[in-house]
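Heavy atoms only: backbone and side chains are in, while hydrogens, waters and symmetry mates are out.
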Amino acid sequence: MRDLAFPFQLQAGRTARADWAAHVRQMLEQLIFTNQGERLHRPDFGSGVLQLLFAPNSPELAATLQFSLQAAITRWLGDVLQVQSLQVHNEESELRISISYLLLRDGSLETAEFRHPK
């Protein structure tokens, strides 16, 4: 079974599709980089990570980001994945999020890394 790819795009004249693992990774990316209030019918969707991006860099900021992400992932994607490890690194002008998670549908272990700015 294949799901819609993110970002939306056409492939050979049809809507692009992604396999389940890629689709879940894309959902994670959407959740992480969406600010709360951006979605019209889901104003509380998002992680709030980008709102803290320009706060002074510190271990406390990294811990706050990690806690915010863990809560958002559990709330919005807890039915499709289980977080195994989550690390946030805020170094100079780059935010790096490393996450490993278990896909609940098939039990496979996946890892992903997200960076801002890309």
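In this view, F45 and W76 satisfy the ring-ring contact (aromatic ring centres under 6.0 Å, His included) rule, not counting sequence neighbours.
One distance of note links CG of L103 with CH2 of W20; it measures 8.0 Å at 0.5 Å rounding. Rounded to the nearest 0.5 Å, atoms CD1 (I32) and NE2 (H116) are 12.0 Å apart. Atom-to-atom distance recorded for Y101:OH and L28:CG is 5.5 Å, nearest 0.5 angstrom. Atoms CG and CD, on L77 and Q30 in that order, are 9.0 Å from each other to the nearest 0.5 Å. One distance of note links CD of Q82 with CG of L104; it measures 6.5 Å at 0.5 Å rounding. Atom CD of Q87 and atom CG of L69 lie 12.5 Å apart (nearest 0.5 Å).
No side-chain N or O of R42 forms a donor-acceptor pair with one of Q36 less than 3.5 Å apart. With hydrogens and angles left out, the side-chain atoms of S98 and E113 include a donor and acceptor closer than 3.5 Å. S68 and S47 are not linked by any side-chain donor-acceptor pair at a separation below 3.5 angstrom, with hydrogens and angles left out of the test.
A salt bridge between R25 and E110 is absent, with no side-chain N of the basic residue lying under 4.0 Å from a carboxylate O of the acidic one.
A pairwise comparison of heavy atoms in G107 and L102 identifies O-CD1, 3.1 Å as the closest pair. Taking each heavy atom of P43 and L40 in turn, the nearest pair found is CD-O, 4.0 Å. V83 and I73 get closest at one heavy-atom pair: CG2-CG2, 3.6 Å. Of all heavy-atom pairs between D44 and R75, the closest is OD2-NH2, 2.6 Å.
Looking only at distances, a side-chain donor or acceptor of E38 sits under 3.5 Å from a matching main-chain atom of N35.
Inter-residue side-chain proximity for F114 and I99 is flagged as met; some heavy-atom pair is nearer than 4.5 Å. Two residues are said to be in side-chain contact when any heavy atoms from C-beta on lie closer than 4.5 Å; M27 and V80 meet this criterion.
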For this session: Any chance you could lay out the side-chain contact (heavy atoms from CB on, under 4.5 Å) test for Q84 and L109, step after step, and finish with the verdict?
Result: CA-CA 9 Å; Q84 301 296 304; L109 186 62; 3.7 Å; yes

